[in-house]
> 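Mind having a look at this structure? Questions to follow.
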Amino acid sequence: METNMTLEEYNSRKSKSYKMLLIFGMISIFMIFAGLSSAYVISKSRPDWLSEFRLPSAFLWSTLVMITSSITFILALQAIKKSNHKKATIFLWTTLVLGFLFVFLQFKGFAQVIENGYFFTGSESNITTTFLYIVVLVHLAHLFGGFISLIIVIYNHYKQKYNAVQTLGIELSAMYWHFMDFIWVYLFLFFYFFK
């Protein structure tokens, strides 16, 4: 015999279900990057591997920008929970702008690699830079989903859909954004230290 759920119980179950689905999705994304990292490690034994290759400085700056964007997303969620609409708006827009700055710096990093005489594709490319290119583009492709969710959150925020008790949409978006931040920091440290 079914019992009637209160609205609070229903929302709690819904929240747990959505978060669990997102966690499963993030695990599968992490497995993609774990596979790419493993392939990178195995490829290091190739004779054409560039052991002296250094990451461009733009990648360090993009890492700092990405970490900052996670902080502004946390502040946006806290502002929503305190019903501070104005602060939440500022932090959400700041997060989006920082996300675009991250993407700009990633492409700036590609340009710096080319300026240093290394290429990603074609006859002048090598396996080291090709790996870097593929991994960064795969990360950016997944980050695109974060941009879509953040834009939806900003839209819903203007529609007053979030408040101190209703934060599910922004929580899910923030979880994914922080996850993509974690993935990039992992990749940056991996490429930086595992030469």
> Apply ring pair (Phe, Tyr, Trp, His ring centres under 6.0 Å) to residues Phe59 and Phe188 and explain how you reach the verdict.
CA-CA 7 Å; Phe59 282 8; Phe188 176 78; 7.6 Å; no
> To the nearest 0.5 Å, what is the distance between OG1 on Thr94 and CD1 on Ile71?
12.5 Å
> Is it the case that one hydrophobic cluster holds both Leu140 and Leu132, taking links as side-chain heavy atoms less than 4.5 Å apart, direct or via other members?
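Linked, Leu140 and Leu132 end up in one cluster.
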> Taking the side chain as everything from C-beta on, heavy atoms only, tell me whether Lys87 gets closer than 4.5 Å to Gln78.
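A side-chain contact under 4.5 Å is absent here.
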> Would you check if Thr130 and Asn126 make a side-chain contact, meaning some heavy-atom pair closer than 4.5 Å?
no
> Mind checking whether Leu92 and Ile170 have side chains closer than 4.5 Å, heavy atoms only?
yes
> Pairs of donor and acceptor atoms involving the side chains of residues 14-24, under 3.5 Å and at least two apart or interchain, shall be tabulated with distances.
residue, atom, partner, partner atom, Å
Ser17, OG, Arg13, O, 3.0
Lys19, NZ, Glu171, OE1, 2.6

> Under the side-chain contact (heavy atoms from CB on, under 4.5 Å) rule, what do Phe110 and Leu105 come out as? Steps first, then yes or no, please.
CA-CA 9 Å; Phe110 287 158; Leu105 288 168; over 6 Å; no
> Answer with yes or no whether the hydrophobic clustering places Phe73 together with Ile90; edges join I, L, V, M, F, W, Y residues whose side-chain heavy atoms lie under 4.5 Å apart.
no
> I would like to know whether Ser69 and Thr95 meet side-chain hydrogen bond (donor to acceptor under 3.5 Å, both in side chains); could you show each step before the answer?
CA-CA 5 Å; Ser69 75; Thr95 304; over 6 Å; no
> Quick one: pull up CG in Asn163 and NZ in Lys81 and give me the separation to the nearest 0.5 Å.
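If we round to the nearest 0.5 Å, Asn163:CG and Lys81:NZ are 12.0 Å apart.
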> Can you confirm whether His157 sits close enough to Ile80 that some side-chain heavy atom of one is under 4.5 Å from a side-chain heavy atom of the other?
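SC-SC contact between His157 and Ile80 confirmed.
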> Find out whether Ile74 and His178 are in side-chain contact, i.e. whether some heavy atom of one side chain is under 4.5 Å from a heavy atom of the other.
yes
> Which distance, rounded to the nearest 0.5 Å, do you find between the OG1 of Thr72 and the CH2 of Trp93?
13.5 Å
> Do His142 and Tyr176 pass the ring pair (Phe, Tyr, Trp, His ring centres under 6.0 Å) test, and can you show the C-alpha distance, the side-chain angles, and the key distance before you say yes or no?
CA-CA 10 Å; His142 286 93; Tyr176 186 76; 7.8 Å; no
> Minimum heavy-atom separation for Ala79 and Ala88, please, with both atom names.
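That would be CB-N, 3.5 Å.
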> I need the Met66 CE to Thr63 OG1 distance, nearest 0.5 Å.
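Here the rounded value is 9.5 Å.
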> Using modelled atom types and a 3.5 Å cut-off, is there a donor and acceptor pairing between side-chain atoms of Ser45 and backbone atoms of Ile42?
yes
> Phe102 and ring pair (Phe, Tyr, Trp, His ring centres under 6.0 Å): which partner among Trp177, Trp61, Phe107, Trp184?
Trp184
> Hydrophobic cluster membership, with links at side-chain heavy-atom distances under 4.5 Å among I/L/V/M/F/W/Y: are Ile27 and Phe33 in one?
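They do share one cluster, since a chain of ILVMFWY contacts under 4.5 Å joins Ile27 to Phe33.
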> Do Phe193 and Val136 belong to the same hydrophobic cluster, where Ile, Leu, Val, Met, Phe, Trp and Tyr are linked whenever their side-chain heavy atoms lie under 4.5 Å apart, directly or via other members?
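Result: yes, single cluster for both.
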> May I ask you to test the Thr129-Phe119 pair for a side-chain heavy-atom distance under 4.5 Å?
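Answer no - side chains too far apart.
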> Can you check whether Met180's main-chain N or O pairs, donor with acceptor, with His139's side chain at less than 3.5 Å?
yes
> Any chain of hydrophobic side-chain contacts (each under 4.5 Å) joining Val97 to Ile67?
no
> Does one side chain, of Ser37 or Tyr186, offer a donor that lies under 3.5 Å from an acceptor on the other?
yes
> Establish, yes or no, whether a centroid distance under 6.0 Å links the rings of Tyr40 and Phe190.
yes
> Measure the OG1-CG distance between Thr167 and Leu77 for me, rounded to the nearest 0.5 Å.
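Going from the OG1 atom of Thr167 to the CG atom of Leu77 covers 6.0 Å.
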> Between Asn116 and Tyr118 (side chain of the first, backbone of the second, donor and acceptor by atom type, cut-off under 3.5 Å), is there such a pair?
no
> Please list all pairs passing the salt bridge (charged side-chain N to carboxylate O under 4.0 Å, His left out) test where one or both residues lie in residues 144-164, with sequence neighbours left out.
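Checked against salt bridge (charged side-chain N to carboxylate O under 4.0 Å, His left out) - neighbours excluded - no pair reaches residues 144-164.
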> State, yes or no, whether a side-chain contact exists between Ser62 and Phe104 at a heavy-atom distance under 4.5 Å.
no
> Show every donor-acceptor pair shorter than 3.5 Å between a side-chain atom in residues 144-155 and any protein atom, with sequence neighbours excluded, or say none if there are none.
residue, atom, partner, partner atom, Å
Ser149, OG, Gly146, O, 3.0
Ser149, OG, Ser173, OG, 2.9

